[in-house]
Amino acid sequence: MTRVYNFSAGPSMLPLEVLEKAQAELTNYAGSGMAVMELSHRSKWFTEIIETAESVLRKLMNIPDNYKVLFLQGGASQQFAMVPMNLFSGSKKADFVNTGSWSKKAIKEAKKYGEVRVIASSEDKNFSYIPTVTADMIDPEADFVHITTNNTIEGTVFEQIPDTGNVPLVADMSSNILSTEIDVSKFGIIYAGAQKNVGPAGLTLVIIREDLIGKADDSVPTMLDYKTHADSESLYNTPPTFAIYMAKLVFEWLESLGGIKAMESINREKAAILYDYLDQSAMFSSPIAKEARSLMNIPFVSPSEELDALFVKEAKAKGLETLKGHRSVGGMRASIYNAMPVEGVKALVAFMQEFEQTHSAEGK
Ligand code: PMP
C-alpha cells in the first residue's frame with residue numbers, strides 16, 4: 001500500500017520522515033529495550049523527551065521566558081472550559097470574536113462561568129471573512145479577549161492579530177499553530193489540539209503567560225487548574241507520553257527544515273497554488289474573502305452537490321484522500337497543514353484541472 005495525500009482537517013498527515021523515525025525506534029527506544037509507550041513518564045528517557053520537546057518548541061516559536069509551555073490532554077475543547085475557569089478572576093467578563101463553529105463552542109462554554117460579550121462576528125456572511133477588531137471595541141475591564149486565529153471549518157484566518165491593550169488575548173490556534181511566524185508576546189494564552197500541525201491526537205499544547213497562572217478559584221478541579229500543570233512541569237499525572245514524543249519529532253523536523261520562517265514560505269507557496277487555480281477555474285471556486293483566506297484549510301465548491309460528490313469519489317480513487325467538506329458547510333475542503341508536501345497540492349490541482357475538463361458541460 002502506497003501512501004496517499006491526506007487532506008483531512010485532523011487528525012491529519014504527519015511528515016513521512018517523522019513516521020519512519022518513530023517506526024525505527026518503536027520497539028527499542030534509544031537502547032532502552034523498551035518502546036516509548038512502555039517507558040515510565042518519570043524515567044530518564046522520557047524526561048529527556050519532554051524537555052527536548054519543550055526546548056525545541058521554545059526555539060521554533062521564540063517563546064519568551066515568562067511563558068510556560070504545558071503538555072495537556074482533553075483537546076482544544078477542554079480549553080474552552082479551562083480558559084474561563086482560570087481567567088474569570090476579576091470582572092468575570094470576557095469579550096469574544098465569533099468567526100465560526102469553533103468560536104461558537106468556545107463562547108457557549110465560557111457562558112457557563114461568566115459574562116460573555118461577542119464584540120465582532122462574521123456570522124452574517126456565513127463566516128466567510130474576518131471581522132475588524134479594534135482596541136476601542138474591547139472592554140478594558142474584561143478578564144480576557146478570545147479569538148480563533150484559524151477557522152478550520154470555514155477556512156478563514158486572522159492575518160492581523162488584534163491589539164487588545166492590557167486585556168490578555170487568548171487564542172485557539174489549533175489549526176494554524178507552527179504554520180506562520182507569530183509574536184507570542186501579543187498573547188496571554190495560546191492553545192492548540194495537537195492533531196493538525198503538532199502530532200497525534202491526545203495532546204493539547206498550552207502556552208501561557210506566567211501572570212495568568214494561579215488565578216483559579218479553589219472550586220476548580222485540580223486537573224483543570226493551569227497551576228497544577230505549571231508547577232509540575234506537565235507531570236502532575238501521567239501525560240500522553242507517546243504523543244509528546246511524536247510532537248518532539250515533529251518539532252525537530254520543523255527545525256531541520258529551517259524553522260517556522262521556512263515553513264511559512266512553503267505554506268504560502270502551497271496555498272497560492274490552490275487559490276490561484278480556484279480563482280481562474282470555470283468550475284470550482286472559493287467562498288472566502290481574499291484577505292481572510294486560510295493557508296491551512298481551503299474550502300471550495302463546484303456548481304452542484306452531485307459534482308461535489310463525484311469529485312470527492314474520483315479524487316479518492318487517485319490517492320487524494322478526505323476532501324469532503326465539513327458536514328456543516330458541504331462542498332470540498334483541502335486541509336494542507338505543514339506536513340502536506342507541495343507535490344500533494346500540485347497533484348490535487350492537476351486532478352481538479354482534469355475533472356474540470358471532463359465535466360465542463362456541467363460547469364458553472
Ligand atoms: N478549535 C479548532 C479551531 C479546531 O479546529 C478544533 C478541532 N478540529 C477544535 C477547537 C477542537 O479540538 P479538539 O478536538 O482537540 O477538542
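Remember, it's 1-based here, ligands and their atoms both numbered in the order they're listed. Nothing fancy with the numbering, it's 1 onward along the sequence.
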**Asked** After noting the C-alpha distance and the side-chain angles of Phe187 and Ile189, does the key distance pass the side-chain contact (heavy atoms from CB on, under 4.5 Å) rule?
**Response** CA-CA 6 Å; Phe187 299 88; Ile189 297 180; over 6 Å; no
**Message:** Does Phe144 form a ring-ring contact (aromatic ring centres under 6.0 Å, His included) with Phe96? I'd like the steps, not just the answer.
**Reply:** CA-CA 9 Å; Phe144 65 96; Phe96 275 67; 5.7 Å; yes
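Contact residues of ligand 1 (protein heavy atom closer than 4.0 angstrom to a ligand atom; sorted by chain and number): Gly75, Ala76, Ser77, Phe80, Trp102, Thr148, Asn150, Thr152, Asp172, Ser174, Gln195, Lys196.
Annotation: ring-ring contact (aromatic ring centres under 6.0 Å, His included) contacts involving residues 236-265, sequence neighbours excluded, comprise Tyr29-Tyr245, Phe242-Tyr245.
Exactly one residue among Asn151, Asn197, Asn150 makes a side chain to side chain donor-acceptor pair (under 3.5 Å) with Ser175. That residue is Asn150.
Between the side chains of Tyr277 and Glu356, at least one donor N or O sits under 3.5 Å from an acceptor N or O.
A donor-acceptor contact shorter than 3.5 Å links the side chain of Asp308 to the backbone of Ser302.
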